[in-house]
Novice: 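One structure coming up, written as structure tokens, with questions to follow.
Labels below follow one simple rule: chain letters A, B, ... track the order of the sequence lines, proteins then strands, and each chain is numbered from 1. A quick note: this is a predicted structure, and the numbers were derived from the prediction, not measured.
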Number of protein chains: 2
Amino acid sequence: MVNRRDEVVDAAERILEHEGPDAVTMRRLADELRIQAPSLYKHIAGKTEIEAALQQRALQRLGAVLAGASADLATLVAAYRRWALEHPRLYELSARHSLDRPRLASGVEAAAAAPLLKVTGGNIAAARAIWGLAHGLVDLELANRFPPNADLDAAWAHAINAFAIYCTPQPEGSP
Amino acid sequence: MVNRRDEVVDAAERILEHEGPDAVTMRRLADELRIQAPSLYKHIAGKTEIEAALQQRALQRLGAVLAGASADLATLVAAYRRWALEHPRLYELSARHSLDRPRLASGVEAAAAAPLLKVTGGNIAAARAIWGLAHGLVDLELANRFPPNADLDAAWAHAINAFAIYCTPQPEGSP
DNA sequence: TTGCCGAGGCTAACGTTGTTAGCCTACGGT
DNA sequence: ACCGTAGGCTAACAACGTTAGCCTCGGCAA
């Protein structure tokens, strides 16, 4: 028998995916498990714990996708964007909640960051800049901040082009 | 006498600033105006309208700051970052809610974007990439996604350096 | 076999949230 | 002098997360 706590998180993810964040309610969640809402608290401390668990899942999955895709900068950020657009609610949930590192399983954060570091040749500041760039473009896109007809592919292309100096094997281009 | 609706939005901004987003409650808001909560609905349609109004304010203020600061890319993004860190709650609120353009006063969006466009010499795709970069770095910083000891100044420096090719007067560096 | 004890369900209820319905009052214009 | 409306009020609702307290069943020890 699987851990009941995991079943709760599974159900939360299912509801989030299919019905959106507002539908992820303790009562709706309990319904999904054919249970009454207060019984959920036998398995989890509260809603924030569920959200933290989903956040961790998102981090792990995105990290895995990036690890599989990391050849060069272009394919890496393309993978980032694709995953976020394919799982927008999970991405948003994970991005909008601030990380409480203590609760996070160890290594998750580092694993997610590794592919970025690899592509910058270990330059951690450049990796963070690229991370910010990818997250920012995705976040603005998900939040409907670009005009409907905006050519976002072009924006991504420029972004990749700008950071190419950090990723092609090139001796010194840093401040 | 000023518009009562504006007073409601003013109060909301005040509470948001001093007590955080969770404190922005219809009842708390009514208290601030020495009124009962239901009376608020004589002046505004609902909470979402307040949030939209705050979002618009944020956009206008940030746009104004950027317009005043735009000399080169470095000072522009520095101004962006500074404003966001000085008004984190307003920034978050404005970033996390998707724009409903119909409600937005016309010109606000374009005015906020203008300084960025100026610095890229009219290259709109590059301007969007830079916007994404600045927003992403700020958002990750506000969401506590970087380790506490991270050297974010270095990340910003790399970001600026990467995009310098689009901003220094330089004929052709685009894909 | 008996006894018990904890895991995991249940109902009832609480406080807080946004919001609606409906009433009342005072003031400004005809 | 009237009347309508702007703008306040109280009462109340549904939905939310959460707590308290009870019951039941299954497995294990004596």
Novice: To the nearest Å, how far apart are Gln36(B) CD and dC24(C) P?
Specialist: 17 Å

Novice: The test is salt bridge (Lys or Arg N to Asp or Glu O under 4.0 Å); show your working for Arg81(A) and Asp153(A) and say whether it passes.
Specialist: CA-CA 11 Å; Arg81(A) 184 187 182 195; Asp153(A) 289 341; 2.8 Å; yes

Novice: Check the pair Arg96(B) / Asp139(B) against salt bridge (Lys or Arg N to Asp or Glu O under 4.0 Å), numbers first and verdict last.
Specialist: CA-CA 10 Å; Arg96(B) 280 167 179 16; Asp139(B) 197 48; 3.3 Å; yes

Novice: What's the NZ-P distance between Lys42(A) and dT11(C), to the nearest Å?
Specialist: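 These atoms are roughly 14 Å apart.
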
Novice: Write down the distance between CE (Met26(B)) and C1' (dC13(D)), rounded to a whole number of angstrom.
Specialist: 16 Å

Novice: Please confirm whether the shortest side-chain N or O distance from Thr25(B) to OP1 or OP2 of dT17(C) is below 4.0 Å.
Specialist: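 Yes, within the criterion.
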
Novice: In whole angstroms, how far is the C1' atom of dA7(C) from the OH atom of Tyr41(A)?
Specialist: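 Taking OH of Tyr41(A) and C1' of dA7(C), I get 19 Å after rounding.
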
Novice: With rounding to the nearest 0.5 Å, note down the distance linking CD in Glu49(B) to CD in Gln55(B).
Specialist: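 If we round to the nearest 0.5 Å, Glu49(B):CD and Gln55(B):CD are 13.0 Å apart.
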
Novice: What is the distance, to the nearest angstrom, from the CD1 atom on Ile44(B) to the P atom on dT20(C)?
Specialist: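 After rounding, the reported distance stands at 11 Å.
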
Novice: Heavy atoms, side chains only, cut-off 4.5 Å: are His158(B) and Asn123(A) in contact?
Specialist: yes

Novice: Return no unless some side-chain N or O of Ser39(B) is found under 4.0 Å from OP1 or OP2 of dC9(D).
Specialist: yes

Novice: For dA6(D), does OP1 or OP2 lie under 4.0 Å from any side-chain N or O of Arg4(B)?
Specialist: no

Novice: How many Å lie between CD1 on Ile35(B) and P on dC9(D), as a whole number?
Specialist: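 Interatomic distance, CD1 of Ile35(B) to P of dC9(D): 6 Å.
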
Novice: Nearest-nucleotide wise, let me know which of Arg27(A) and His43(A) is further upstream toward the 5' end of DNA chain C.
Specialist: His43(A)

Novice: Find the distance Glu7(A):CD to dA7(C):P and express it as a whole number of Å.
Specialist: 17 Å

Novice: Starting at CZ of Arg28(B) and ending at P of dT19(C), how long is that distance when rounded to a whole Å?
Specialist: 18 Å

